[in-house]
Amino acid sequence: KFILSETPESEITLLGFSLGGNITLKLAAELSIANLKLLKKAIAINPPVDLYSSVKLLSSPKNRVYERYFIKLLKEDMDHRCKLFSDLKKIEFPEEIHFQDIDRLYTVPQYGFKDNLDYYKKSSAKYLIPAIEIETNILFSEDDPIIKMQDFENFVMPKNVHLFRTKKGGHIGYVGMPGKSKGFHWIDNIVLDWILE
């Protein structure tokens, strides 16, 4: 609302990558439900639209390296917040921990969810995507290690929500070949094309 009040002639496209893509889709749906016409378009790149499904995939042995890395970043972020806000209680996590443990020990009590499943359901975009009324593009790679292709197949998408699949790309690892269509910076060019459509 602030951006539109400052530049009323500007059209806003919301773009999110990974978890930000899930948030982008969820916001686009919630704005549609509230009949707030604030966005022209939404773009989500590799969004984990079913958080429970992605958390389980992250905890699998083949993805443990990703999970450990993300947990390290989360712990650093939580330590930083505790330094900024003295009313936040610092939580000491065990050394060997999974995402579901962090959600159980921190996210659920901190934000008032009943349990992990309540958090995952209320925070996953897949339950709201059918309500999106604006033009929306979702890019997903079939070899994404932390998102299942089936997460996008168990509901009907509106005609204005377009799912684009690639065979390769991993989790936001889209690159092209120099000299080929879209060049090395394939993802950058696709996103720009979608914004300018």
Side-chain angles (χ1 to χ4, degrees), residues 11-30 39-74 76-77 98-100 102-103 120-121 123-197:
E11 294 176 322
I12 299 174
T13 295
L14 186 61
L15 169 64
F17 293 84
S18 190
L19 193 55
N22 178 69
I23 294 168
T24 294
L25 296 173
K26 195 167 178 297
L27 179 60
E30 289 168 348
L39 301 176
K40 175 191 177 198
K41 183 181 288 186
I43 300 172
I45 310 297
N46 290 78
V49 295
D50 183 333
L51 295 184
Y52 184 53
S53 171
S54 288
V55 164
K56 287 192 300 185
L57 275 174
L58 266 173
S59 295
S60 68
K62 71 175 187 169
N63 288 324
R64 189 69 176 126
V65 66
Y66 295 117
E67 185 181 43
R68 283 190 178 120
Y69 176 71
F70 290 138
I71 286 172
K72 176 184 170 290
L73 294 178
L74 273 175
E76 289 171 1
D77 184 57
H98 293 277
F99 257 112
Q100 291 192 56
I102 287 191
D103 291 332
Y120 299 141
K121 184 170 184 180
S123 302
S124 294
K126 85 172 191 176
Y127 303 103
L128 292 172
I129 288 174
I132 295 175
E133 295 177 346
I134 62 170
E135 283 298 310
T136 300
N137 290 345
I138 302 170
L139 179 63
F140 167 71
S141 171
E142 292 177 12
D143 68 344
D144 190 314
I146 59 175
I147 303 171
K148 280 194 221 169
M149 190 167 65
Q150 292 80 2
D151 293 344
F152 295 97
E153 294 177 339
N154 298 329
F155 56 91
V156 177
M157 291 200 202
K159 288 186 168 82
N160 52 290
V161 177
H162 313 285
L163 179 63
F164 299 88
R165 294 181 184 177
T166 63
K167 293 279 183 203
K168 301 284 184 190
H171 191 67
I172 316 177
Y174 300 99
V175 293
M177 293 293 292
K180 299 283 184 184
S181 175
K182 304 293 180 195
F184 181 75
H185 301 285
W186 184 85
I187 186 67
D188 302 343
N189 287 298
I190 290 293
V191 167
L192 285 171
D193 286 350
W194 285 346
I195 290 170
L196 297 172
E197 272 178 357

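- Contact annotation: the side chain of I129 never approaches that of F152 to less than 4.5 Å [non-hydrogen atoms, C-beta and beyond].
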Worksheet item: Could you walk me through whether I147 and V49 pass the side chain to side chain contact (heavy atoms under 4.5 Å, CB included) check?
Response: CA-CA 8 Å; I147 303 171; V49 295; 5.8 Å; no
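- Counting only distance, with no hydrogens or angles, the side chain of D143 and the backbone of G169 share a donor-acceptor pair below 3.5 Å.
- Identified under the salt bridge (charged side-chain N to carboxylate O under 4.0 Å, His left out) test for residues 148-164, with sequence neighbours left out: E153-R165.
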Fill in: Stepwise side chain to side chain contact (heavy atoms under 4.5 Å, CB included) check, T13 with W194
CA-CA 10 Å; T13 295; W194 285 346; over 6 Å; no
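- The line from CG of L19 to OG1 of T24 is 9.5 Å long, rounded to the nearest 0.5 Å.
- A distance of 7.5 Å separates CD1 of I187 from CG of N46, quoted to the nearest 0.5 Å.
- Residues in residues 54-74 take part in no ring pair (Phe, Tyr, Trp, His ring centres under 6.0 Å) pair, two or more places apart or across chains.
- Exactly one of E11, E133, E197 qualifies for a salt bridge (Lys or Arg N to Asp or Glu O under 4.0 Å) with K41. That residue is E197.
- Residues satisfying the side-chain contact (heavy atoms from CB on, under 4.5 Å) test with L128, not counting sequence neighbours, are K26, A29, E30, I33.
- For the side-chain contact (heavy atoms from CB on, under 4.5 Å) test, no residue two or more places apart in sequence or in another chain qualifies with L192.
- Of the N and O atoms on the side chains of N137 and H162, not one donor lies less than 3.5 Å from an acceptor on the other residue.
- Within 6.0 Å of NZ in K40 there are more than 12 heavy atoms belonging to other residues, nucleotides or ligands.
- Between I146 and L57, the shortest heavy-atom contact is C-CD1, 3.6 Å.
- Shown here are the side-chain contact (heavy atoms from CB on, under 4.5 Å) partners of K56, two or more places apart in sequence or in another chain: Y52, Q100.
- Separation of atoms CG (N160) and CD1 (I134) is listed at 8.0 Å; rounding is to 0.5 Å.
- Scanning all heavy atoms of the two residues, the minimum distance from P48 to S18 falls at CD-O, 3.1 Å.
- To the nearest 0.5 Å, atom CD1 of residue I71 and atom NE2 of residue H98 are 7.5 Å apart.
- Considering only residues two or more places apart in sequence or on other chains, D103 meets the salt bridge (Lys or Arg N to Asp or Glu O under 4.0 Å) condition with none of them.
- The two atoms that bring A42 and A28 nearest to each other are CB-CB, 4.1 Å, heavy atoms only.
- Shown here for L25 and I132, the closest heavy-atom pair between the two residues is O-CD1, 3.6 Å.
- In this structure, the separation between CD on Q150 and OG on S53 is 8.0 Å, given to the nearest 0.5 Å.
- Minimum heavy-atom separation, V191 to I43: O-CD1, 4.2 Å.
- The distance from atom CG of L74 to atom CD1 of I102, rounded to the nearest 0.5 Å, is 5.0 Å.
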Discussion item. Set out, in order, the CA-CA distance, both residues' side-chain angles and the distance that settles side chain to side chain contact (heavy atoms under 4.5 Å, CB included) for I190 and Y174, then state yes or no.
Written reply: CA-CA 10 Å; I190 290 293; Y174 300 99; over 6 Å; no
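- Residues P158 and P130 come closest through the heavy atom pair CG-O, 3.5 Å.
- For the pairing with H171, the side-chain contact (heavy atoms from CB on, under 4.5 Å) check across P145, S54, S141 returns one residue only, P145.
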